[in-house]
Structure formats: structure tokens, C-alpha cells
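FYI, the numbering just counts along the sequence from 1.
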Amino acid sequence: MGLKEIINNVKMTTGMADCSEYKELIQLVIDGEASGREESYLRKHLNMCLKCLDSYEIDKELKEILKLKLQQKEVPIGLAETIRSKLVQ
């Protein structure tokens with residue numbers, strides 16, 4: 001194991017990386033795409049860093065709002081055909 005791998009391992013264990021290293025990880029956790037180790041790593045940092053915790057909370061709420069606003073809604077029967085016929089005119 002090289003020095004870089006040892007340093008990264010220590011960072012993953014302690015959650016003591018530079019905040020810029022957490023931006024992508026925050027998105028991975030919010031999207032449910034992070035590994036358990038990555039999520040644990042982020043949680044350790046969030047317990048120590050209010051700036052990153054705020055960013056996490058804001059991004060999480062924004063995703064929930066977007067999910068609610070972008071839900072598929074049922075459209076009236078015949079709406080697509082009505083629009084097509086008006087476009088042809």
C-alpha cells in the first residue's frame with residue numbers, strides 16, 4: 001500500500017478531508033449511489049462541519065422538491081391529439 005492509499009484510508013476512516021472533496025460525495029449519498037463506507041465517511045464529516053451539513057440539507061431538500069414537482073401527471077384523454085391537430089393547422 002502506497003502513501004497516497006494510506007492517506008486516503010485515514011481520510012475515509014476519520015472524515016477529515018478538505019470540504020471540496022465532499023461535494024460529489026454529498027450528491028452520491030443523496031442519490032443513494034454511495035457505498036456504505038462512503039456514506040459513513042460523509043456522516044463523520046457532517047458531524048464536524050456545519051458548512052457541509054448545510055449544503056447536504058439544502059441539496060437533499062431541493063431534490064425532494066424537484067421530485068414532487070416533476071411527478072408525472074395524468075393528462076386528459078385526447079389532449080395529445082388536440083395539440084397535434086392544432087399544430088397541423
Side-chain angles (χ1 to χ4, degrees):
M1 182 181 283
L3 181 59
K4 188 174 183 177
E5 291 171 327
I6 292 170
I7 292 170
N8 284 336
N9 193 30
V10 168
K11 286 180 179 181
M12 286 292 264
T13 305
T14 63
M16 297 297 292
D18 183 321
C19 290
S20 64
E21 295 181 31
Y22 291 93
K23 290 180 182 180
E24 184 177 340
L25 188 53
I26 286 172
Q27 295 308 311
L28 290 174
V29 169
I30 289 172
D31 293 340
E33 297 174 3
S35 69
R37 185 172 184 217
E38 290 171 322
E39 188 167 348
S40 175
Y41 171 62
L42 176 64
R43 299 276 177 213
K44 286 177 186 175
H45 182 72
L46 295 180
N47 286 331
M48 298 180 282
C49 181
L50 291 177
K51 180 180 172 187
C52 288
L53 180 60
D54 283 346
S55 178
Y56 171 80
E57 293 295 332
I58 289 168
D59 288 356
K60 187 176 175 183
E61 284 186 42
L62 181 60
K63 182 175 181 173
E64 288 300 315
I65 290 168
L66 288 173
K67 189 190 290 185
L68 289 172
K69 293 290 183 183
L70 297 175
Q71 288 179 354
Q72 285 190 333
K73 304 216 186 239
E74 219 172 290
V75 295
I77 297 173
L79 177 63
E81 189 56 44
T82 302
I83 293 170
R84 279 190 209 98
S85 68
K86 291 189 180 203
L87 289 174
V88 173
Q89 294 177 356

Inset, instruction - Consider only side-chain heavy atoms of I, L, V, M, F, W and Y, link residues closer than 4.5 Å, and tell whether Leu68 and Leu70 are in one cluster. - result: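 As far as the 4.5 Å side-chain criterion goes, Leu70 and Leu68 are not connected within one cluster.
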
Tell me every residue that passes side-chain contact (heavy atoms from CB on, under 4.5 Å) with [X], counting only those two or more places apart in sequence or in another chain.
{"X": "Ile58", "result": "none"}
{"X": "Leu62", "result": "Leu66"}
{"X": "Leu79", "result": "Val75, Pro76, Ile83"}
{"X": "Glu39", "result": "Val29, Arg43"}

Inset, instruction - Please report the shortest heavy-atom distance between Ile26 and Ser55, naming the atom on each side. - result: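 Closest pair (atom of Ile26, atom of Ser55, distance): CD1-OG, 4.1 Å.
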
Legend entry - pair Leu53-His45: side-chain heavy atoms closer than 4.5 Å: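 With C-beta onward as the side chain, the pair stays apart.
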
Inset, instruction - Assess the pair Tyr22 and Tyr41: is the distance between their ring centroids shorter than 6.0 Å? - result: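 Centroid distance Tyr22-Tyr41: below 6.0 Å, so yes.
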
Legend entry - Distance (rounded to the nearest 0.5 Å) between Tyr56 OH and Leu50 CG: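 One gets 15.0 Å once the value is rounded to the nearest 0.5 Å.
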
Inset, instruction - Please list, chain by chain and in numerical order, all residues satisfying salt bridge (Lys or Arg N to Asp or Glu O under 4.0 Å) with Lys67, sequence neighbours excluded. - result: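 With sequence neighbours excluded, Lys67 shows a salt bridge (Lys or Arg N to Asp or Glu O under 4.0 Å) to Glu64, given in chain and number order.
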
Does [X] have any side-chain hydrogen bond (donor to acceptor under 3.5 Å, both in side chains) partners at least two apart in sequence or in another chain, and if so, which?
{"X": "Ser20", "result": "Asp18"}
{"X": "Glu24", "result": "none"}
{"X": "Asn47", "result": "none"}

Legend entry - Lys23 and Cys52: CA distance, side-chain angles, deciding distance, side-chain contact (heavy atoms from CB on, under 4.5 Å) verdict: CA-CA 8 Å; Lys23 290 180 182 180; Cys52 288; over 6 Å; no

Inset, instruction - Tell me who clusters with Ile65, hydrophobic residues only, linked when side chains sit under 4.5 Å apart either directly or through other members. - result: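 Hydrophobic cluster check, Ile65: no partners found.
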
Legend entry - Qualifying salt bridge (charged side-chain N to carboxylate O under 4.0 Å, His left out) pairs, either residue in residues 47-62, two or more places apart: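 Salt bridge (charged side-chain N to carboxylate O under 4.0 Å, His left out) check on residues 47-62 returns no pairs.
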
Inset, instruction - Using modelled atom types only, decide if a donor and an acceptor are shared between the side chain of Thr82 and the backbone of Gly78 within a distance under 3.5 Å. - result: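 Yes, Thr82 side chain to Gly78 backbone: donor-acceptor pair under 3.5 Å.
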
